[in-house]
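Below: one structure, written as structure tokens.
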Protein chains: 2
Amino acid sequence: MTMQTEVSQKSTERPKRVRRTGPYKAADARRQAILESAIEHFAQWGYFNSSMPKIAADVGLTKAGLMHHFSSKEELLSAVLELRDQRAFSAFYAEDFGNDPVRYFGQVAAQTAFNESQPGLTQMFSVLAAESSNEEHPAHEYFQRRYKSIVDASSGFMAPMITAGTLREGTDVRQIAAEILAVVDGFTIQWALDKTNTSLHSTVFNYLDRLSRSVTTDGRGLGD
Amino acid sequence: MTMQTEVSQKSTERPKRVRRTGPYKAADARRQAILESAIEHFAQWGYFNSSMPKIAADVGLTKAGLMHHFSSKEELLSAVLELRDQRAFSAFYAEDFGNDPVRYFGQVAAQTAFNESQPGLTQMFSVLAAESSNEEHPAHEYFQRRYKSIVDASSGFMAPMITAGTLREGTDVRQIAAEILAVVDGFTIQWALDKTNTSLHSTVFNYLDRLSRSVTTDGRGLGD
DNA sequence: TTAAAAACCTACCCACAAGAGGGTATTTAA
DNA sequence: TTAAATACCCTCTTGTGGGTAGGTTTTTAA
């Protein structure tokens, strides 16, 4: 990874190529449309079996047209992953739960309701997470980081609750954090396989409710 | 789908082609080796991005050689799925838990230990389950059936335990059954992504232990 | 107004896929 | 022993993939 800095060689005065245009006005919408299309394709077919021509066709472009905006398939994937990180996490991490586990669990449940409303993105992450266990997958490191940081953040929320006395003494917050993540992922698979008979939100909610009753000091559930 | 039956036109006597050979002696081992190779490839690359030539090369065959044994990629997938169903489930379903939830949960935990010892098969199922949410995936119906039958069987084990008084009154056995499945799937993903820092068995065990304490009438966990 | 950059396109290349067709050598069982 | 089925392999077809090269039109900003 070497960065090339432009150095002017001999002239002190700068004729300096003048900028004659910027991006077109409509370009942003195009790029957005491409990302949406890519999300749908990655969700349906995974990364490997999605194809640039098809993603392009879905937004009325040729492959070459698409590749003007995202110069490789990997770059497109990166952009998609980045997009999701922006959308979903900012809200969550800003929240202050005031050492109340029930509020925290409630927020997680709310997140799954959001996920259920965005089947494209949600299924895409489900498929890519499984696919990316392959070390040669371009998103392998991304998902390793992602899972680690989610568990870190989640247990970071819960750990102080033990000291604050709202979570039971001896609660293994890293186990709980990983477990919540596992339940969400697992139910997402079931929901993706059979959306008409499964509700992502309510199944996760039920789990969190029972979890809450067994790890909070006051034994409260989510339904109050 | 029309079946063509061979009809002898005029002769009533039947010269009747005689069987001159059967399968070769070594063929079974070959087919077995192909299946093992396919499992590894499906686990690493999913179904779509696995390729017949590469699977073949891994057992020292050409693609055509492989296709003599499995005449299409889909047929190979079917054989792999069938193989797994034979291997893993026979033992489990034969078990009698004597209305003891702890024994049942213990058996589930034991299953994950087995899964952890078979990373190829386990990861393959993890990847295919996610991939097959696509309705055009050749294993789509298989996984729908599979998930339904697991939940059916699992809740079928637990339901009588309520009447027997070993599971708490009001326990939602279908929710619990689906939840256990979700936890196993979810932790499998985490384990596949980072095997050195995650133990599939112990994470699932911890979950089942807490589950057991909160749904059994005697509040027993798995550690006794 | 105009030149340059942006936003496309067509036409390629090369690699690889699934599968069919048509072989040859090996093994089997009568 | 021997004919037929088996277990391969080589080649071809057709299709698709990612990516590049070089054009043309459209938009932008000086």
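Protein chains get the first letters and strands the later ones, always in sequence-line order, with residue 1 at the start of each.
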With a cut-off of less than 4.0 Å, is there a side-chain N or O of [X] near OP1 or OP2 of [N]?
{"X": "B:H68", "N": "D:dC8", "answer": "no"}
{"X": "A:H69", "N": "C:dC8", "answer": "yes"}
{"X": "A:R30", "N": "C:dA6", "answer": "no"}

For a quick test of your reading: what N or O donor-acceptor pairs under 3.5 Å do the side chains of residues 26-35 of chain A make, sequence neighbours left out?
residue, atom, partner, partner atom, Å
A:R31, NH1, A:H69, O, 3.3

Can you name the residues that form a side chain to side chain contact (heavy atoms under 4.5 Å, CB included) with B:F114, not counting sequence neighbours?
B:Q111, B:S117, B:Q118

All pairs passing side chain to side chain donor-acceptor pair (under 3.5 Å) where residues 49-67 of chain A contributes a residue, at least two apart
none

Counting any heavy atom closer than 4.0 Å, what does A:A26 reach on the DNA or RNA strands: base, sugar-phosphate only, or nothing?
nothing

Gap between atoms CG and C1', on B:L77 and C:dA18 respectively (whole Å):
15 Å

Rounded interatomic separation in angstrom, taking NZ from B:K73 and C1' from C:dC16:
12 Å

Any N/O pairs under 3.5 Å between the protein and nucleotides 23-27 of chain C? List them or say none.
residue, atom, partner, partner atom, Å
C:dT26, O2, B:Y24, OH, 2.3

Apply side chain to side chain donor-acceptor pair (under 3.5 Å) to B:Q144 and list each qualifying residue two or more places apart in sequence or on a separate chain.
B:H140

Under the side chain to side chain donor-acceptor pair (under 3.5 Å) test, residues paired with B:D194 that sit two or more places apart
B:T196, B:N197

For residues 39-66 of chain B, which residues have at least one heavy atom under 4.0 Å from DNA chain C?
B:S50, B:S51, B:M52, B:P53, B:K54, B:K63

Hey, can you pull the donor-acceptor pairs under 3.5 Å for the side chains in residues 177-184 of chain B, sequence neighbours left out?
residue, atom, partner, partner atom, Å
B:E179, OE1, A:R210, NH2, 2.7
B:E179, OE1, B:Q175, NE2, 2.9
B:E179, OE2, A:R210, NH2, 2.3
B:E179, OE2, B:Y207, OH, 2.7

Can you list every ring pair (Phe, Tyr, Trp, His ring centres under 6.0 Å) pair that touches residues 25-58 of chain B, not counting sequence neighbours?
A:W45-B:F48, A:F48-B:W45, B:F42-B:Y47, B:Y47-B:H137, B:F48-B:H137

